[in-house]
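First up is the structure itself, then whatever we jot down about it.
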2 protein chains.
Amino acid sequence: MELFYSKEIGKDTVLLSGQEADHCARVLRHKEGDTVFIIDGEGGLYRCTVLSVSLPKKGNAEVSCRIEEKSAGVGVRGYRLVMAVCPTKNMDRYEWFVEKATELGVDRIVPVISEHSIRTTVKKERLEALVLSATKQSLKSCIPVVEDAVSVKDFLLRDFEEGALKLIAHCEEGDKRTVRDYVSASQKPLNVVIMIGPEGDFSQKEIELAKERGFLPLTLGPSRLRVETAALASVSEIYFASI
Amino acid sequence: MELFYSKEIGKDTVLLSGQEADHCARVLRHKEGDTVFIIDGEGGLYRCTVLSVSLPKKGNAEVSCRIEEKSAGVGVRGYRLVMAVCPTKNMDRYEWFVEKATELGVDRIVPVISEHSIRTTVKKERLEALVLSATKQSLKSCIPVVEDAVSVKDFLLRDFEEGALKLIAHCEEGDKRTVRDYVSASQKPLNVVIMIGPEGDFSQKEIELAKERGFLPLTLGPSRLRVETAALASVSEIYFASI
């Protein structure tokens with residue numbers, strides 16, 4: 001099943017435009033009468049019939065569809081997860097994490113810049129395109145939000161929801177617990193925030209601030225993991241802990 | 001800490017040759033008197049002192065080292081894991097899986113070719129190079145074995161060790177359990193074999209044969225995961241279940 005994405009949703013109709021319409025009409029060659037499935041990115045899945053297809057010589061196609069049936073809450077999880085992960089020096093690796101985190105399940109991805117970060121900027125639009133693509137491929141109806149990059153300090157100074165389980169994976173010594181341990185001890189439904197540091201670990205100041213802001217120390221076991229591997233292992237652990 | 005790899009290990013000395021020596025002597029410019037750490041790929045880690053460096057104009061360097069201290073069982077896990085995963089159409093994705101599985105922990109990777117596989121060949125040397133690199137980067141002393149590609153059928157007809165926990169992730173209906181469930185019910189130490197199918201799932205015949213050969217049906221939760229994501233999520237689950 002192929003999914004398309006649109007925010008142009010009316011009472012009875014949905015309009016596909018831009019790249020979504022091009023993929024639908026030019027690549028997959030859908031035509032009047034075909035059934036297509038469209039997500040609104042916020043939990044809604046629409047089974048539609050194509051009413052008309054516009055294929056201009058220049059510019060994007062346009063596909064107008066009639067809504068036959070709407071399903072809500074498709075692929076919605078019973079937990080909320082925010083991943084605040086330092087961008088990796090090699091952006092391929094971060095993109096890999098973003099794609100796989102979307103497949104498994106994540107609500108919000110925040111590129112956080114540490115004092116120790118080698119990479120200090122990200123191409124948000126590129127990450128958003130990956131997230132959209134992975135959302136459709138994995139048949140989910142909610143598209144994770146990708147935020148603009150923000151400093152670790154500014155992220156830590158945010159107000160987090162009451163009861164949020166806030167975890168930070170750093171390399172300092174100390175009493176750390178696994179995702180599974182923390183989840184078992186937490187109230188449900190889960191509302192989790194996990195921070196993963198850069199190649200050189202968070203700075204002393206950042207770790208101290210995290211502690212002050214109620215972030216608990218997370219261990220990802222004995223293996224020495226790359227940033228993106230640690231991040232994905234965390235997403236995976238929350239996912240399986242919630243099955 | 002940078003690790004090097006050699007099989008040329010004597011009673012008191014280790015010889016680095018080939019690309020390992022080039023990296024040591026030409027890239028990192030190690031010289032006589034420097035301390036270097038060398039793994040033998042089978043659990044041994046050697047702290048050595050560089051005795052001499054040969055830098056010919058043409059051909060690989062050679063670095064001769066004196067063993068100061070040997071540690072055994074470095075980074076060795078308490079479980080054994082064989083991942084039999086169908087190669088993905090896009091080899092980049094399979095290579096990501098191989099690298100990340102090595103970081104987390106795996107003993108053997110078997111590219112298995114299903115009746116439904118799109119990709120039917122792999123470049124084993126390329127995968128072995130990735131595995132070696134990931135082993136050194138993640139400071140492990142055991143290098144996972146990458147096998148030649150084999151058909152799913154031939155893999156299933158092998159004799160597996162008594163007591164091995166054999167799992168297969170397929171998309172057919174039925175009573176499936178998670179990695180965590182199976183691990184809890186298994187005798188320790190764990191000896192696990194996990195099979196992950198191709199994009200179009202294993203064939204009916206392959207699933208039947210797996211059942212006959214004692215492979216239990218594995219669920220990876222409600223999300224629709226790509227091959228490499230499903231494979232890595234499984235490796236991650238075994239890893240965390242064993243902490």
Side-chain angles (χ1 to χ4, degrees), chain A residues 1 3 73-79 90 92-93 95-106 133-142 176-184 199 218-243, chain B residues 1 3 73-79 90 92-93 95-106 133-142 176-184 199 218-243:
Chain A
M1 182 169 86
L3 292 186
V74 174
V76 163
R77 287 165 284 109
Y79 61 92
N90 175 321
D92 281 353
R93 296 179 173 282
E95 288 176 4
W96 179 92
F97 153 68
V98 164
E99 181 191 89
K100 270 81 186 69
T102 302
E103 288 177 52
L104 283 162
V106 67
S133 177
T135 299
K136 293 190 297 173
Q137 175 268 321
S138 59
L139 302 180
K140 291 179 161 59
S141 57
C142 284
K176 300 174 184 171
R177 301 171 77 192
T178 62
V179 163
R180 184 71 61 151
D181 291 337
Y182 283 122
V183 164
S184 310
E199 291 86 345
L218 174 66
T219 175
L220 292 164
S223 284
R224 182 205 208 204
L225 306 173
R226 284 182 179 270
V227 171
E228 72 279 11
T229 316
L232 197 70
S234 306
V235 173
S236 178
E237 269 292 271
I238 294 285
Y239 171 71
F240 283 111
S242 307
I243 290 180
Chain B
M1 182 169 85
L3 291 185
V74 174
V76 164
R77 284 164 285 109
Y79 61 92
N90 174 321
D92 281 353
R93 297 180 173 281
E95 289 175 5
W96 275 120
F97 153 67
V98 163
E99 180 189 271
K100 271 81 187 68
T102 302
E103 287 178 54
L104 282 161
V106 65
S133 177
T135 299
K136 294 190 295 172
Q137 173 270 319
S138 58
L139 302 180
K140 292 179 161 56
S141 57
C142 284
K176 301 174 184 173
R177 303 171 75 192
T178 62
V179 162
R180 184 72 60 153
D181 290 338
Y182 283 122
V183 163
S184 309
E199 292 85 345
L218 174 66
T219 174
L220 292 164
S223 284
R224 185 204 207 206
L225 307 173
R226 283 181 179 272
V227 171
E228 73 277 12
T229 315
L232 198 70
S234 306
V235 173
S236 178
E237 268 291 272
I238 294 285
Y239 171 72
F240 283 112
S242 307
I243 289 180

B:R180 side chain to A:F240 backbone, donor-acceptor under 3.5 Å: no
CA sep, side-chain torsions, deciding dist, call: B:S223, A:R77, side chain to side chain contact (heavy atoms under 4.5 Å, CB included): CA-CA 9 Å; B:S223 284; A:R77 287 165 284 109; 5.6 Å; no
Shortest non-hydrogen contact from B:E103 toward A:R226: OE1-N, 2.8 Å
B:K140 vs A:R224, side chain to side chain contact (heavy atoms under 4.5 Å, CB included): CA-CA, chis, key distance, verdict: CA-CA 9 Å; B:K140 292 179 161 56; A:R224 182 205 208 204; over 6 Å; no
Closest non-hydrogen atom pair between B:S236 and A:S236, with its separation: OG-OG, 3.8 Å
Under 4.5 Å from any heavy atom of chain A - which part of B:E228: side chain
Chain A interface, residue from B:T219, B:V235, B:T178, B:L139 that has the most non-hydrogen pairs under 4.5 Å: B:L139
Segment of B:L220 engaging chain A (4.5 angstrom heavy-atom cut-off): both
Residue pair A:Y239 / B:P222, side-chain heavy-atom distance below 4.5 Å: yes
Cation-pi geometry met for B:K100 and A:W96 (6.0 Å, 45°): yes
B:L232 side, atom CG; A:T229 side, atom OG1 - distance, nearest 0.5 Å: 7.5 Å
Contacting region of B:R93 [heavy-atom separation from chain A under 4.5 Å]: side chain
Atom group of B:I243 that falls short of 4.5 Å from chain A, counting heavy atoms: side chain
